[in-house]
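Report on the following structure.
Naming: A, B, ... by sequence-line order, numbering from 1 per chain.
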Amino acid sequence: EADIYQTPRYLVIGTGKKITLECSQTMGHDKMYWYQQDPGMELHLIHYSYGVNSTEKGDLSSESTVSRIRTEHFPLTLESARPSHTSQYLCASRGDAGYRANVLTFGAGSRLTVL
Amino acid sequence: ELKVEQNPLFLSMQEGKNYTIYCNYSTTSDRLYWYRQDPGKSLESLFVLLSNGAVKQEGRLMASLDTKARLSTLHITAAVHDLSATYFCAVGRWDTDKLIFGTGTRLQVFP
């Protein structure tokens, strides 16, 4: 019963196109994250946010950018997609207080293929 | 720099058998998570371990944490096919607010 939604689930696109992966959560969480995962591999943090107007780069360098204009929305944008961007992108969020602060909830993921 | 290692990377086991997956991490941490991922799917939270000696169990899975050894284990009891998935441990710290994932252990349970 995850309350974090990602669209599109699957996207196949040509090189040079601009794409935006959407992530929305209805839990009022301040902290949101983007992870990149190649098939069968570990997850790498590429962006995170502590709240509105806060964005930070993660441990893995990425050509993507993010924005956080509203608490519930954390979109990721690639200005010019390349085949090396082909991967699965997972959005996650967590709360600030109590037990829920310790649980990172993931969206279903967006699988991007760049031809 | 916080690093997280899991072993084995791949585990093929027969139904009914027991096995343990290990998760080692390199620096002190406040919390450790275990997640399950089915092929092509997102991650499902299994356990959150917050203190030394913590043990949690759900069905045939039991997770434990030894913060002094910087080691967590995920023990599988009497495996069944439905447990086939990739299992990730992840380690976090409040001060950095990041969660670092291990390499994952791909588990296959066969009859």
Exercise for the section: Anything in residues 63-75 of chain A with a heavy-atom distance to chain B below 4.5 Å? Please list those residues in order. Expected result: none

Problem - Atom pair OH/CG of A/Tyr33 and B/Leu99 - distance to nearest 0.5 Å - result: 7.5 Å

Completion exercise
Rounded to the nearest 0.5 Å, the CD1 atom of B/Ile100 sits from the CG atom of A/Asp59 at a distance of 4.5 Å

Problem - Part of A/Leu43 within contact of chain B (heavy atom distance under 4.5 Å) - result: both

Handout entry: Region of A/Glu56 that comes under 4.5 Å of a non-hydrogen atom in chain B
Key = neither

Under 4.5 Å between side-chain heavy atoms, counting indirect links through other Ile/Leu/Val/Met/Phe/Trp/Tyr residues: same cluster for [X] and [Y] or not?
X        : Y       : answer
A/Tyr89  : A/Ile13 : yes
B/Phe47  : B/Met62 : no
A/Val12  : A/Tyr10 : no
B/Leu107 : B/Tyr19 : yes
B/Leu46  : B/Leu11 : yes

Around atom [atom1] of [X], are there more than 12 heavy atoms from other residues, nucleotides or ligands closer than 6.0 Å?
X        : atom1 : value
B/Lys41  : NZ    : no
B/Arg106 : CZ    : no
B/Glu15  : CD    : yes

Exercise for the section: Please report the shortest heavy-atom distance between A/Ala108 and B/Ser42, naming the atom on each side. Expected result: CA-CB, 3.6 Å

Handout entry: Shortest non-hydrogen contact between B/Tyr35 and A/Leu104, atoms and distance
Key = OH-O, 2.8 Å

Fill in the blank from the handout: The interface call for B/Thr86 against chain A, heavy-atom contacts under 4.5 Å, is neither

Problem - Under 3.5 Å side-chain donor-acceptor pair for B/Gln37 and A/Gln37 - result: yes

